[in-house]
Amino acid sequence: MNLMLQVWAGYTRLTRRWPGIAAIIPFIPVLALWTAVSEAGLFPRAFFPGPADVVRAFFTLTYKGILPDYLQDSLIRLATGAAVGMALGIPLGILIGTSRWAHRICWPVLLFFQAIGDIAWLPILLIWFGFGLTTMTFVIVYTVLFPVVLNTVLGVESVPRDLSRAALSLGASRARVLWEVTLPGALPNIITGLRNGLGYGWRALIAVEMIVGTSGIGFMMFDARRAGSTVEIVLGMIILGLLWYIVDAWILAPLERATGQRWGLVTS
């Protein structure tokens with residue numbers, strides 16, 4: 001019992017000093033189990049590669065320049081789609097949240113199209129745009145758009161009306177009320193929508209790359225299927241998980257936390 005307490009105390013001190021270690025330690029049992037199963041020879045190596053095989057594939061594909069190029073393509077597509085989705089979603093969400101008429105007109109249409117999944121658009125997109133960047137960008141924008149719009153509307157509507165009325169009574173213009181009262185108050189929800197939208201967009205990107213892509217991490221995984229290279233498929237899956245963890249844990253979550261701490265008191 002004392003030994004367990006000492007181990008736990010050591011773990012607590014270690015993770016407090018280096019918080020990054022807390023994210024690594026939970027993966028150690030998974031890695032150990034994976035290594036044990038692969039080394040035990042329960043499955044053929046071609047169907048169940050071990051961690052060392054995946055690491056070797058990582059260095060080989062990186063040395064050949066394949067992995068950096070594919071990774072770059074995927075990230076550029078996600079960034080482009082997310083930027084367009086935000087540019088459309090935030091103004092639309094503000095419009096719906098601040099105007100009753102816009103809400104009555106747009107809300108049913110919004111809910112209708114939200115129910116149509118992004119992948120459901122693929123057949124008609126392939127007819128319209130073919131196998132190319134336009135199709136992939138459309139799917140990502142479509143996926144990112146709805147979480148951003150819905151969370152922006154929620155954020156705008158959660159700002160107490162009294163704050164806007166007070167600012168207007170003090171002589172502030174509607175544009176200034178929007179910029180200095182409504183937007184800051186809605187910002188925590190907007191960031192939450194962006195975080196959710198990027199997560200959905202990342203998964204949609206991989207799916208669409210598998211179907212219509214000629215490059216990217218999703219394409220690499222699907223193309224490896226033809227050659228029966230499970231090691232490249234597993235490598236792609238690990239890269240997807242690691243990348244999203246880094247983006248979410250190191251960028252989006254702190255940004256959401258900081259925004260909530262700065263502006264969260266405005267929301268009800």
Side-chain angles (χ1 to χ4, degrees), residues 26-82 85 116-144 196-248:
F27 289 98
I28 293 177
V30 178
L31 192 63
L33 179 64
W34 180 15
T35 305
V37 173
S38 64
E39 293 298 325
L42 299 175
F43 306 100
R45 206 70 168 186
F47 294 106
F48 195 86
D53 302 319
V54 175
V55 171
R56 273 195 296 273
F58 170 78
F59 284 112
T60 303
L61 292 176
T62 303
Y63 177 75
K64 292 178 178 176
I66 296 173
L67 191 57
D69 288 346
Y70 281 176
L71 189 56
Q72 178 180 315
D73 289 347
S74 293
L75 291 177
I76 289 175
R77 287 166 190 156
L78 179 66
T80 304
I116 303 174
D118 45 15
I119 298 299
W121 282 90
L122 268 182
I124 198 168
L125 290 175
L126 289 175
I127 295 173
W128 287 348
F129 306 117
F131 291 80
L133 181 62
T134 307
T135 299
M136 287 188 277
T137 305
F138 184 98
V139 171
I140 299 167
V141 171
Y142 189 85
T143 308
V144 172
N196 293 335
L198 277 175
Y200 297 145
W202 181 240
R203 287 192 284 270
L205 168 69
I206 300 307
V208 79
E209 279 182 348
M210 287 183 176
I211 298 171
V212 303
T214 55
S215 66
I217 298 299
F219 171 78
M220 182 190 81
M221 294 169 63
F222 203 65
D223 193 52
R225 173 191 60 89
R226 298 175 188 169
S229 178
T230 55
V231 66
E232 290 186 18
I233 298 173
V234 174
L235 174 61
M237 294 165 68
I238 292 173
I239 289 174
L240 293 179
L242 280 177
L243 264 181
W244 180 247
Y245 182 84
I246 291 170
V247 170
D248 188 74

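The structure presented is a predicted model; accordingly, all values stated were derived computationally and were not measured. Residues: numbered from 1 along the sequence shown.
Using modelled atom types, one side-chain atom of Asp53 and one backbone atom of Gly50 make a donor-acceptor pair closer than 3.5 Å. Judged by distance alone, with hydrogens and angles left aside, the side-chain atoms of Ser74 form no donor-acceptor pair with the main-chain N or O of Gly216 at under 3.5 Å. Not a single donor-acceptor pair under 3.5 Å links the side chain of Thr134 to the backbone N or O of Phe129. Judged by distance alone, with hydrogens and angles left aside, the side-chain atoms of Glu209 form a donor-acceptor pair with the main-chain N or O of Ile217 at under 3.5 Å.
Side-chain contact check for Thr137 versus Arg77: every heavy-atom pair is 4.5 Å or farther apart. Residues Leu75 and Leu243 have side chains in contact (heavy-atom distance under 4.5 Å, counting atoms from C-beta outward). Val37 has its side chain within reach of Phe43: a pair of non-hydrogen atoms, C-beta onward, lies under 4.5 Å apart. Leu67 is listed as a side-chain neighbour of Met220, based on a closest heavy-atom distance under 4.5 Å. Counting heavy atoms from C-beta outward, Leu242 and Ile239 have side chains that stay 4.5 Å or more apart. At least one side-chain heavy atom of Trp34 sits less than 4.5 Å from a side-chain heavy atom of Val54. Using a 4.5 Å cut-off on side-chain heavy atoms (C-beta onward), Ile116 and Tyr142 make contact. Within the 4.5 Å cutoff, side-chain heavy atoms of Pro51 are placed close to those of Ser38.
Annotation: the span from Thr230 atom OG1 to Leu235 atom CG amounts to 11.0 Å, rounded to 0.5 Å. The distance from atom CD of Glu232 to atom OG1 of Thr60, rounded to the nearest 0.5 Å, is 9.0 Å. Between Thr80 atom OG1 and Ile140 atom CD1 the span is 8.0 Å, to the nearest 0.5 Å. Put simply, CG on Leu240 and CG on Leu71 are 9.5 Å apart, with the number rounded to the nearest 0.5 Å. Annotation: the span from Phe58 atom CZ to Tyr63 atom OH amounts to 15.0 Å, rounded to 0.5 Å. Atom OH in Tyr70 sits 13.5 Å away from atom CE in Met221 (nearest 0.5 Å).
Ring planes of Phe138 and Trp121: tilted class, angle from 30 to 60°.
Residues satisfying the side-chain hydrogen bond (donor to acceptor under 3.5 Å, both in side chains) test with Asp73, not counting sequence neighbours, are Ser215. Scored by the side-chain hydrogen bond (donor to acceptor under 3.5 Å, both in side chains) test, Arg225 finds no partners at all (sequence neighbours excluded).
Of all the heavy atoms in Ala120 and Pro123, the pair that sits closest is O-CD, 3.4 Å. Scanning both residues, Pro68 and Thr62, for their nearest heavy atoms gives CD-CA, 3.9 Å.
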Can you list, pair by pair, the side-chain donor-acceptor contacts under 3.5 Å of residues 196-206, counting residues two or more places apart and other chains?
{"residue": "Asn196", "atom": "ND2", "partner": "Thr192", "partner atom": "O", "Å": "3.4"}

